[in-house]
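Below you'll find the structure, written out as structure tokens, and then a few comments.
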Amino acid sequence: MLLQTFLHLPGVGEIRERRIWMEGVESWDDYLASPPPRGVGERLKKRHDRMLIELKGALGRGQWHRFSTLLPHSHRWRLFDPLGERAAYLDIESDGLGPGAVITVVGIYTKGRYIPLVRGYNLTRGNIEEALKDSSMLVTFNGTSFDLPMIEKHYPGVLPPLPHLDLMHTARKTGLKGGLKAVERALGIEREVEVAEVNGEVAVRLWRLWERERSRGALKLLLKYNKEDVKNLEPLARRLYEALKAKTLF
DNA sequence: ATTGCAATTTACGCGCTTTA
DNA sequence: TAAAGCGCGTAAATTGCAAT
């Protein structure tokens with residue numbers, strides 16, 4: 001999917017990209033070897049060729065971030081194809097929503113492993129960095145406006161410059177609206193019964209219970225909820241990716 | 001070289017949504 | 001709560017192209 005992408009070239013939008021595909025150009029190499037498509041002159045084509053050659057080099061060195069910033073936000077889901085294998089799925093809990101709120105848990109699911117970082121125990125800059133160090137991309141739900149800015153606020157510079165896929169916007173593109181739980185339900189992704197009644201608001205209360213009364217059970221349930229949230233992002237990402245890919249190519 | 005046109009991209013403002 | 005992007009509608013800018 002990615003090497004068939006031309007949307008990041010200046011002067012190429014969805015209409016022209018589709019026409020490029022129609023004319024049988026299915027890869028960057030095809031494009032380099034072809035004459036300019038309709039709507040693109042010699043001048044612009046030369047610029048495109050330079051960009052593609054340069055990007056091929058960057059990707060070869062693993063520098064995906066540069067390419068991802070060229071891609072419009074609404075099409076970043078395409079990055080999931082090669083990068084999803086080493087994605088870090090991320091979800092945080094906090095003690096509220098206001099400006100003074102503080103991060104209580106950072107949950108990271110990567111390479112089949114759940115890593116809970118708990119405030120006052122093991123939530124540190126170093127541990128966040130360590131948990132993300134082998135990742136190729138970040139996957140969140142509404143992380144663009146919540147999780148990532150909040151992490152950046154409390155731990156400036158801790159997030160590596162990785163491509164980021166926000167599944168809330170991805171889900172919307174497939175016609176699924178609502179929060180994470182609603183989207184999961186719509187796709188038939190199951191939740192364990194213990195956390196069926198837990199939501200973000202309850203998560204705040206569970207944290208208070210742990211802080212004030214050292215309730216081991218409350219913390220345990222909070223982490224179980226966070227784990228469920230973050231683990232479910234993986235099948236969600238896979239299915240949304242497949243849905244959008246099918247929709248785009250036909 | 002200049003002009004006008006058509007197709008397309010790009011920019012902008014508005015209202016809506018989700019996150020704990 | 002505030003931040004950010006989306007879709008939508010609309011306006012503006014860009015591009016290629018053909019005619020002059």
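All values derive from a computational prediction rather than experimental measurement. So that the names make sense, note that chain A is the first sequence line, chain B the second, and so on, each numbered from 1.
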What is the distance, rounded to the nearest whole Å, between atom NE2 of A/His8 and atom C1' of B/dT10? 17 Å
Expected list for residues 206-219 of chain A near DNA chain B, using heavy atoms below 4.0 Å, is none
For B/dT8 and A/Arg19 - does any side-chain N or O of the residue sit under 4.0 Å from the phosphate oxygens OP1/OP2? yes
Parallel, tilted or perpendicular: rings of A/His8 and A/Phe67 (30°, 60°): perpendicular
Proximity to DNA chain C (any heavy atom under 4.0 Å), residues of residues 165-180 of chain A only: A/His169, A/Lys173
Minimum-distance nucleotide to A/Pro99 side chain [options: C/dT1, B/dT18, B/dA20]: C/dT1
Between A/Arg119 and A/Trp207, does the side-chain contact (heavy atoms from CB on, under 4.5 Å) criterion hold? Intermediate values first, please. CA-CA 10 Å; A/Arg119 180 179 184 81; A/Trp207 177 259; 3.8 Å; yes
Heavy-atom donor-acceptor pair, A/Trp64 side chain to A/Leu79 backbone, under 3.5 Å: no
Salt bridge (charged side-chain N to carboxylate O under 4.0 Å, His left out) against A/Asp49, all qualifying residues, sequence neighbours excluded: A/Lys45
Defining pairs by Watson-Crick or G-U wobble geometry with both distances under 3.5 Å, how would you list the stems of DNA chain B with at least three pairs each? B:1-19 with C:2-20
Is the number of heavy atoms from other residues, nucleotides or ligands under 6.0 Å of A/Arg216 CZ greater than 12? no
Of the nucleotides B/dA20, B/dT19, C/dG16, which has the atom closest to the A/Leu44 side chain? C/dG16
Please list, for nucleotides 13-16 of chain B, all pairs of protein and nucleotide N/O atoms separated by less than 3.5 Å.
none

B/dA20 C1' sits how many Å from A/His154 NE2, rounded? 12 Å
When we call it a touch if two heavy atoms are under 4.0 Å apart, what does A/Leu97 touch: a base, just sugar-phosphate, or nothing? base
Decide whether A/Met1 and A/Leu9 are clustered together by the hydrophobic rule: side chain heavy atoms of Ile, Leu, Val, Met, Phe, Trp, Tyr closer than 4.5 Å, transitively. yes
salt_bridge(A/Glu54, A/Arg66) N-O dist < 4.0 Å: yes
Please list, in numerical order, the residues of residues 66-76 of chain A that have a heavy atom closer than 4.0 Å to any atom of DNA chain C. A/His73, A/Ser74
Looking at A/Asp30 and A/Glu26, would you say the former's side chain and the latter's main chain have a donor-acceptor pair under 3.5 Å? yes
Sequence neighbours left out, cut at 3.5 Å: what donor-acceptor pairs do the side chains of residues 153-170 of chain A make with other protein atoms?
residue	atom	partner	partner atom	Å
A/Lys153	NZ	A/Pro99	O	2.8
A/His154	NE2	A/Ala101	O	3.4
A/His164	NE2	A/Thr140	OG1	2.7
A/Asp166	OD1	A/Asn142	N	2.7
A/Asp166	OD1	A/Met168	N	3.0
A/Asp166	OD2	A/Gly143	N	3.3
A/Asp166	OD2	A/Thr144	N	3.0
A/Asp166	OD2	A/Thr144	OG1	2.6
A/Thr170	OG1	A/Asp166	O	3.0

I'd like to know if the side chain of A/Ser215 reaches the main chain of A/Trp210, judged simply by a donor and an acceptor atom lying under 3.5 Å from each other, with no hydrogens or angles considered. no
Which atoms of nucleotides 17-20 of chain C (N or O only) lie under 3.5 Å from a protein N or O atom, and what are those distances?
none

Among residues 235-249 of chain A, which contact DNA chain B at a heavy-atom distance under 4.0 Å? none
All N/O donor-acceptor pairs, side-chain side in residues 179-187 of chain A, below 3.5 Å, sequence neighbours left out:
residue	atom	partner	partner atom	Å
A/Lys181	NZ	A/Tyr225	OH	3.4
A/Glu184	OE1	A/Arg191	NE	2.7
A/Glu184	OE1	A/Arg191	NH2	3.4
A/Glu184	OE1	A/Asn232	ND2	3.3
A/Glu184	OE2	A/Arg191	NH2	3.0
A/Glu184	OE2	A/Asn232	ND2	3.2

Can you identify which nucleotide, out of C/dA4, B/dA20, B/dT9, has its nearest atom closest to the A/Asp91 side chain? B/dA20
Presence of salt bridge, A/Glu211 and A/Arg208, under 4.0 angstrom: no
For A/Ile92 and B/dA20, what is the distance between atoms CD1 and P respectively, to the nearest whole Å? 8 Å
Any pair counted as salt bridge (Lys or Arg N to Asp or Glu O under 4.0 Å), so long as it reaches residues 197-207 of chain A, sequence neighbours left out: none
Using atom types as modelled, flag every donor-acceptor pair under 3.5 Å from a side chain in residues 242-250 of chain A to any protein atom, sequence neighbours excluded.
residue	atom	partner	partner atom	Å
A/Lys247	NZ	A/Lys173	O	2.8
A/Thr248	OG1	A/Leu244	O	2.7

Is the ring centre of A/Phe80 less than 6.0 Å from the ring centre of A/Tyr241? yes
